[in-house]
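Values below: all heavy atoms of this structure, side chains included; hydrogens, waters and symmetry mates excluded.
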Amino acid sequence: MTMHVGNRWRSPAAYAAVCAVLLTGCQGAPGGGAGGDRPGGRAATVPPGAARPSGYGAVFLAVDECSSFGRTSFTEVSCAGERAAARVVARHDGTARDGPRCPATTDFVLHISERRPAFDEDGDGVVPRGYACMRHLQPPHPGDPGGGGGPRTIVGDCVHSLGDGKVRETACDGSGEHEPEFKVTKAVDTRSDCPASTALYVRLGGTAPVGCARPV
């Protein structure tokens, strides 16, 4: 995910790369970008008819239930089975944009919207529109601090400059496509609460909405 930033780094080259504006968070699907709330994005939109409820729970992909591999086509499966890929850590109705935020270390988001009369939980022919915050059953976990992905930017994450005042999350260990340039070291209420070493301000959202980032 693409982010806008506030910069007080004094290096001329870096100053040209990032502007003094807050990072905009977003929520997206696994695979490569970053976001305050961030494949270049982290949320997968599932078209009508793509999901296939399997009857493992009263509610399709309820908390602690598991999904198979896949982001655009998937099924609910037994968490003990070999097809299980990720577990639901939070489940909400509505849209991710308007609803509660996923937990900080969520790896990716599945958006659910479909009509399948044979499979819905209450017999009315509708699986309610909603979204599931997912965590892989096995590493790697892109939502972990420094992991280089996940739908949210959190303390411990790193970003690189895209130019024109924008940055994108990347793995702190350098294993991603781009080398890290800044690391979020602290979450605070306002910019004035950031330490003097701060070179970049990142909008994180939540109760401590400003991320203080330093060069790496």
Side-chain angles (χ1 to χ4, degrees), residues 1-3 25-114 116 119-121 126-158 168-172 175-176 204-206:
M1 175 196 101
T2 300
M3 302 180 262
C26 72
Q27 202 144 325
D37 273 349
R38 25 167 210 235
R42 306 289 153 195
T45 300
V46 180
R52 295 291 181 267
S54 64
Y56 283 94
V59 176
F60 178 54
L61 285 183
V63 173
D64 285 335
E65 291 176 349
C66 292
S67 71
S68 63
F69 294 90
R71 299 291 181 270
T72 58
S73 180
F74 63 92
T75 57
E76 179 184 309
V77 297
S78 168
C79 291
E82 62 181 16
R83 296 179 60 212
R87 187 185 302 273
V88 181
V89 294
R91 173 76 151 83
H92 304 288
D93 294 333
T95 64
R97 175 175 297 181
D98 301 323
R101 304 173 77 203
C102 283
T105 56
T106 298
D107 286 330
F108 65 96
V109 177
L110 289 178
H111 294 297
I112 301 160
S113 179
E114 88 160 347
R116 285 185 60 78
F119 292 104
D120 68 298
E121 60 264 23
V126 178
V127 173
R129 183 179 185 184
Y131 58 100
C133 308
M134 309 298 294
R135 176 86 172 168
H136 293 306
L137 294 179
Q138 302 293 333
H141 294 288
D144 282 351
R152 294 181 54 181
T153 301
I154 59 177
V155 172
D157 281 340
C158 293
R168 178 170 291 168
E169 189 177 337
T170 189
C172 288
S175 61
L204 303 180

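Heavy-atom minimum distance, Arg152 versus Ala104: NH1-N, 3.5 Å. Between Val89 and Pro103, the shortest heavy-atom contact is CG2-CG, 4.1 Å. The heavy-atom pair separating Ala132 from Val88 by the smallest distance is CB-CG1, 4.1 Å. Residues Asp157 and Gly146 come closest through the heavy atom pair OD1-N, 2.9 Å. Of all heavy-atom pairs spanning Gly176 and Thr170, the tightest one is CA-OG1, 4.2 Å.
In this structure, the separation between CG on Asp98 and CG on Asp93 is 12.5 Å, given to the nearest 0.5 Å. Between the OH atom of Tyr131 and the NE2 atom of His92 there is a distance of 4.5 Å, given to the nearest 0.5 Å. Rounding to the nearest 0.5 angstrom, the gap separating the CG atom in Leu110 from the CG atom in Leu61 is 6.5 Å.
Of the possible polar contacts, one joining the Ser68 side chain to the Thr75 backbone as a donor-acceptor pair under 3.5 Å is found. Remark: the backbone N or O of Met134 is not paired with any side-chain donor or acceptor of Asp107 at under 3.5 angstrom. With hydrogens and angles ignored, the 3.5 Å screen pairs a side-chain donor or acceptor of Ser78 with a backbone N or O of Ala80. The backbone N or O of Cys79 lies less than 3.5 Å from no partner atom in the side chain of Arg87, so there is not a single donor-acceptor pair.
Using a 4.0 Å cut-off between a side-chain N of Lys or Arg and a carboxylate O of Asp or Glu, Asp64 and Arg91 do not qualify as a salt bridge.
At least one side-chain heavy atom of Asp144 sits less than 4.5 Å from a side-chain heavy atom of Arg135. Residues Glu65 and Phe60 are not in side-chain contact: their nearest non-hydrogen atoms beyond the backbone lie 4.5 Å or more apart. Using a 4.5 Å cut-off on side-chain heavy atoms (C-beta onward), Cys102 and Phe108 make no contact.
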